[in-house]
**Student:** 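Pasting in a structure now, in structure tokens, and then I'll have a few things to ask.
Hydrogens, waters and symmetry mates play no part in the numbers below; they use all other heavy atoms, side chains included. Along the sequence shown, residues are numbered consecutively beginning with 1.
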Amino acid sequence: MPWETVIGLEIHTQLATQSKIFSGAPTAFGAAPNSQACAIDLGLPGVLPVLNAEAVRLAVRFGKAIEAEIAERSVFARKNYFYPDLPKGYQISQYEHPVVGRGQVHIRLDDGTLKEIGVTRAHLEEDAGKSLHEDFHGLTGIDLNRAGTPLLEIVSEPDMRSPEEAVAYAREIHALVRWIGICDGNMQEGSFRCDANVSVRPKGQAEFGTRREIKNLNSFRFLKEAIDFEVQWQINEIEEGRRIQQATVLFDPDSGETRMMRSKEDAHDYRYFPDPDLLPLVISADWIERVRGELPELPGQMRERFINDLGLSAYDATTLTASQEMAAYFESTVAVAGKANAKPCANWVMGDLSARLNKEGKELADSPVSASQLAGLIRRI
């Protein structure tokens, strides 16, 4: 029987604020454990959260970048569950009324066509702390530095039909949040991480299968490997007569397998209710429009311009717009070398120059060869 894969992603992006979402505690990475957790982050008696306006601005900035609906009135809720690194016993998040509503992101498929992936919502919430297992010889340590760090959770529609599409979408979101300056995108530090909701169904069936959620994937390679394994596991289970149980699972990179962590909770298990300590978030239409006006040319727009105006391939345009630094360097090179040399400029920037910088452990901003110098070389060739 032919099977169809159905994938939706929940992407957690740490917003690039200097302080936490409801307190003035810093968000810098790498501080000594528990040195950046204040009384508000710990939920001590008598404290009151105060919303960080910059986190709101960055959320709206993302919403306008994906042409999403922005709620002029949104509500924070308490998501109740117990976890050792969640000191309050609940997480402040948004549920029924998120700040960013429906939008869309376009990904380019292997055959060059564009596919639209729907974004259901993007909501503000606080991060939890971190459990530490490695250095405690059978015990667990708790570092609450991340508690209260502002997150924007970006929830897609279940529009992806292969691991490759899921990776393309995740890469597109990763490039976008870095491009518009709302997140540094550092996956090793946990600034950008994905949960994948995966199910399978007989090809042609309209009804979705039972999904399992793969938590905390922090690399694009792991995202693909985890979905690959999970899809085949689910197909095998069904074909052998067993039912899929809705669950949350973890991916083990060493074995390449997913393993069940717990049965999957539904919204009613969290007992959401509006946070009594926070007023509804009200944003004026004028302020939303001001934020929209601050957006730069977006990577998708620039990509199409490179294809249509400079004659580049979809692959070249996608690679060159993976970061603002590379796109700016390429455009500066073309400005001197001329549009007729756009393809050689792309080849040099993506090829020899990038390879040499990678070998020497340097970023493009630290290149000893300026864009005008590279353009001069290309013109002489």
**Student:** For the residue pair Ser19 and Asn52, confirm or rule out a side-chain donor-acceptor distance under 3.5 Å.
**Tutor:** yes
**Student:** Give me the ring orientation class for Phe330 and Phe306: parallel if the planes are under 30° apart, tilted from 30 to 60°, perpendicular past 60°.
**Tutor:** perpendicular
**Student:** I'd like to know if Lys20 pairs up with Asp41 as an ion pair, taking the criterion as any Lys NZ or Arg NE/NH1/NH2 lying under 4.0 Å from an Asp or Glu carboxylate oxygen.
**Tutor:** yes
**Student:** Using 0.5 Å steps for rounding, measure from the CZ atom of Arg379 to the CG atom of Asn341.
**Tutor:** 8.0 Å
**Student:** Are Ile182 and Ile21 connected into the same hydrophobic cluster when the rule is that any two of I, L, V, M, F, W, Y join if their side-chain heavy atoms are below 4.5 Å apart?
**Tutor:** yes
**Student:** I want to know whether His123 and Tyr95 have ring centres closer than 6.0 Å.
**Tutor:** no
**Student:** Indicate, with yes or no, if the rings of Phe76 and Phe22 have centres closer together than 6.0 Å.
**Tutor:** yes
**Student:** Indicate the atoms forming the closest heavy-atom contact of Ala170 with Ile11, along with that distance.
**Tutor:** CA-CD1, 4.1 Å
**Student:** Checking side-chain polar atoms at under 3.5 Å, does Asp286 have a donor or acceptor matched by the opposite partner on Ser284?
**Tutor:** no
**Student:** To the nearest 0.5 angstrom, please state how far the OG atom of Ser199 sits from the CD atom of Glu213.
**Tutor:** 12.5 Å
**Student:** Thinking salt bridges, do Arg356 and Glu360 make one under a 4.0 Å N-O criterion?
**Tutor:** yes
**Student:** Quiz question: by atom type and distance under 3.5 Å, do the side chains of Gln14 and Asp127 form a donor-acceptor pair?
**Tutor:** no
**Student:** Do we see a donor-acceptor contact under 3.5 Å between the side chains of Gln94 and Arg121?
**Tutor:** no
